[in-house]
Amino acid sequence: MLPAGGFAPPGICTLKEGMGLENISKVAPPEETAAAAERVPAVRMEGITKTFGPVTANDNVSLDIYNGEILSLLGENGSGKTTLMNMLSGIYYPDAGTISVNGKPVSIRSPKDAFDLHIGMIHQHFKLVNVLTAAENIILGLNEKFRLDLKGVRRSVAEICERYGFEIDPDKKVYDMSVSEKQTLEIVKVLYRGADILILDEPTAVLTPQETQRLFGVMRNMKADGKSIVIITHKLHEVMAISDRVAVLRKGAFVGSIATKDTDPQQLTDMMVGHAVTLNIDRPEPVNIRKCLEVENLSVVDIEGVTKLDSVSFTAYGGEILGVAGVSGSGQKELLEVIAGLQPARPGSSVIYTDMEGRTSSLLGKTPMEIKKLGVHLAFVPEDRLGMGLVGDLDIADNMLIRTYTDGSSMFVDMKKPRRLAEEIVHDFEVVTPGITTPVRKLSGGNVQKVLVGREISGKPSLLMSAYAVRGLDINTSYTIYRLMNEQKQRGAAVIYVGEDLDVLLELCDRILVLCAGKVSGIVDGRNTTKEQVGLMMTHLGLPEEAAE
Amino acid sequence: MNQVLTQIITLITTAISFGTVIMYGSLGEILTEKSGHLNLGVPGIMYLGGIGGLIGSFIYEMNAASPSPALCLIIALLSAVACSVLGGLIYSFLTITLRANQNVTGLTITILGSGAANFFGGSLSKLAGGVGQISVAVTSSAFRATQHLTDGLGAVDTLLFNYGFMVYLALLIAILMSLFLNRTSKGLNLRAVGENPATADAAGINVTRYKYLATCTGAAISGLGGLYYVMDYINGTWANDGNIEALGWLAVALVIFATWKPLRAIWGAFLFGALYWLYNYIPGLSRSSQQIFKMLPYVVTIIVLITVSLRHKKEDQPPSSLGLSYFREDR
């Protein structure tokens with residue numbers, strides 16, 4: 001165990017170029033300056049190890065968090081960022097290692113212990129009860145009084161809101177809230193419990209650029225108030241914009257920490273991945289463009305009578321990537337599902353597919369099987385990978401079979417081809433799995449996505465639709481996915497890419513269709529549009545003046 | 001005209017006694033389900049409560065020279081609660097601690113409960129000297145004692161004060177449970193556990209403790225339904241006729257009918273009772289067409305299910321995590 005005060009204060013880079021993983025995992029931040037002895041970290045984690053069965057999620061990680069700083073915790077998927085923070089918030093208990101808060105060793109065995117130590121975590125998947133109001137969610141589990149005292153809560157909530165610049169209606173039910181409102185509620189909930197150390201797990205994943213800016217404003221207010229904030233993210237530009245210091249994890253081990261002002265995205269990526277990566281997304285010029293899908297006047301109403309899509313018209317061309325941007329729930333899901341034959345459209349809508357030979361056919365009112373029989377090579381990577389894309393309990397080979405079981409005329413299913421395909425995908429996409437007979441639900445998110453995308457593009461699609469294809473994936477896997485999308489585009493397929501990261505959409509897509517509450521807000525060129533313009537179009541119908549071509 | 005009035009009053013009083021049995025079963029199940037556990041063992045637990053109370057008071061009345069009614073009540077209540085909580089504990093241990101499938105476990109408890117109760121019912125008959133010979137007269141009359149107000153109220157008196165104390169106890173439990181769930185912090189916590197245990201856990205609520213307490217308290221309340229049936233409804237004897245099981249399933253249906261709200265279970269229970277006994281008051285029914293009327297409570301439950309699903313009001317839905325096991329370190 002290292003002596004107290006032997007740790008690096010914020011601002012000292014502990015990364016050594018070319019250090020292998022083997023070395024780094026055993027090395028805590030070096031004990032360089034004596035000045036650090038004066039500053040007791042708000043939280044010190046030393047030698048933390050946590051395993052889940054055979055998987056080591058955290059291996060001997062040591063990390064300091066100081067008062068009045070914003071620390072970014074950076075790392076790829078499965079690098080153990082969330083696990084590490086869950087041990088601070090009492091969700092998991094470390095197998096080995098110690099945690100001290102304000103210099104005192106503590107044992108955090110439950111979320112309640114964490115609250116008592118003024119540690120609060122805002123989880124990636126919101127921990128809110130939908131049928132309860134904001135106020136009820138805030139006092140959940142506090143048992144301040146036997147009788148529910150919602151009046152007192154309203155008063156305290158108003159105070160917190162005023163202090164940090166939030167807006168929240170204490171009597172609104174959570175199921176009526178937007179994502180950004182839910183997140184605000186989570187933060188207020190944690191502050192109400194008196195948290196001085198706030199952990200935010202990928203808070204910006206679902207926010208528009210404007211909402212992200214507002215969140216960052218609030219975070220700066222909280223920092224000025226002396227609170228320590230840890231933000232988990234893999235968006236590098238956000239790391240650069242908001243944090244004072246960056247700590248990097250790789251494959252469960254601590255790589256190093258560095259002051260944000262002393263680093264740049266390229267160096268951080270190299271630390272995260274362990275070798276140099278290029279951060280540019282290719283955008284080959286479209287060649288041999290042909291009309292592939294013509295959507296006109298498409299309207300969709302859900303079972304509750306809510307209009308999800310309202311007179312949407314656009315054309316997707318083979319040989320280009322058409323991005324779809326929009327606040328989540330603006331009709332993206334319905335758009336793709338109607339084209340794939342999974343949802344009915346309102347009368348008057350039309351979806352016309354043109355094949356390579358120029359023959360046209362309408363896709364509306366047809367089931368996915370009928371669409372397939374028409375000879376339309378349609379590939380669909382849905383948002384819900386394990387619900388709609390793959391069957392979690394089936395193994396990789398059987399999941400391949402789902403696309404091909406009707407092929408051939410034999411009454412027996414051909415098992416050889418799917419097995420071969422599964423093996424190819426595992427090999428080509430470097431899927432980490434014990435074998436092709438492993439149920440896909442046991443794979444990590446990134447590997448599940450590789451299996452799904454691999455299967456969908458194996459059919460040489462002429463139309464490839466993907467929804468949030470890189471959601472929750474790390475940089476490396478994301479870039480693999482972008483590369484695959486580009487390969488399909490160059491093959492001549494029409495690619496429809498529904499995304500949430502505007503930076504990526506603007507770098508990858510040729511044109512971007514912006515949806516706003518089910519309507520087309522505009523279609524812009526990916527090459528000469530800014531993130532702010534798209535962000536505005538997502539929330540306000542219509543093209544801002546400058547963005548109009 | 002007077003005859004019709006008498007008939008209506010009889011129907012209502014029958015409906016109230018009958019409804020009370022299922023109201024207990026239902027209230028217990030509502031509390032259990034609010035913690036996210038679907039206990040299909042309600043019929044079994046009502047059996048356990050019934051036979052437990054009967055055994056306790058039977059042994060006491062056999063051995064005491066002059067049994068005291070107050071002691072009879074206490075012994076019957078305590079042994080009924082003890083036996084039904086035992087059933088609840090078995091269910092809790094299997095589904096909460098071992099995370100076994102809730103449907104399977106619940107059905108097992110129903111089979112176990114009815115088997116055990118009928119086995120011990122047979123043993124009691126033997127001790128009493130033959131089938132139908134079991135009698136716990138003192139206990140039963142203590143349960144059936146009514147507190148009439150001053151004379152002269154006539155029909156109102158018959159309607160309101162013609163029941164044993166357990167009818168009023170059921171109403172009291174329903175009101176207290178409603179206040180607990182909606183007006184107290186602990187009640188809010190319990191609702192959160194049933195809606196989203198991961199959230200409740202992250203908010204510092206001891207999920208396992210709430211689940212155990214709700215399931216076992218729920219079992220105790222359901223068990224009282226069995227006790228009321230044995231001591232009051234069939235006058236303190238044991239009938240090997242499977243009626244308790246039928247009532248238990250009605251109680252489960254009532255939970256859905258009441259959309260998980262204790263106050264709605266009150267009038268729902270009485271409505272179920274009235275529908276179930278309606279055939280007695282409709283002239284010219286054959287034995288087989290009577291059965292159609294006994295189906296009515298289930299029919300209205302299906303109608304409620306349909307309307308609730310169509311209206312899709314979030315507040316009328318079952319607790320979101322009903323039937324799902326919770327394990328904090330699940331990844």
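Just so we're on the same page: letters track the sequence lines, and every chain starts at 1. Because only heavy atoms are used, hydrogens play no part in the values below, and waters and symmetry mates are left out as well, while side chains stay in.
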For [X], is the [atom1] atom crowded, meaning more than 12 foreign heavy atoms sit under 6.0 Å from it?
X	atom1	value
A:Lys333	NZ	no
B:Lys186	NZ	no
A:Phe146	CZ	no
A:Lys127	NZ	yes

Contact class of A:Tyr175 relative to chain B, heavy atoms under 4.5 angstrom: side chain

Chain B heavy atoms under 4.5 Å from A:Lys173: which part of the residue, side chain, backbone, both or neither? side chain

Does [Y] offer a backbone N or O that forms a donor-acceptor pair with the side chain of [X] under 3.5 Å?
X	Y	value
B:Arg191	A:Val131	no
B:Thr184	A:Arg147	no
B:Asn196	A:Asn130	no

Which atom pair, heavy atoms only, marks the closest approach of B:Gly204 to A:Pro111? N-CB, 4.0 Å

Non-hydrogen atoms of A:His123 and B:Ala202 that approach each other most closely: NE2-CB, 4.3 Å

Under 4.5 Å from any heavy atom of chain A - which part of B:Asn206: neither

What's the separation between atom [atom1] in [X] and atom [atom2] in [Y], rounded to the nearest 0.5 Å?
X	Y	atom1	atom2	result
A:Leu140	B:Leu188	CG	CG	5.0 Å
A:Leu150	B:Arg183	CG	CZ	10.0 Å
B:Glu315	A:Leu132	CD	CG	9.5 Å

Salt bridge (charged side-chain N to carboxylate O under 4.0 Å, His left out) pairs, two or more places apart, involving residues 95-104 of chain B: none

A:Glu186: which residues meet the salt bridge (Lys or Arg N to Asp or Glu O under 4.0 Å) condition with it, sequence neighbours left out? A:Lys189

Looking only at B:Leu179, B:Leu310, B:Asn189, B:Ile205, most heavy-atom pairs under 4.5 Å shared with chain A are made by B:Asn189

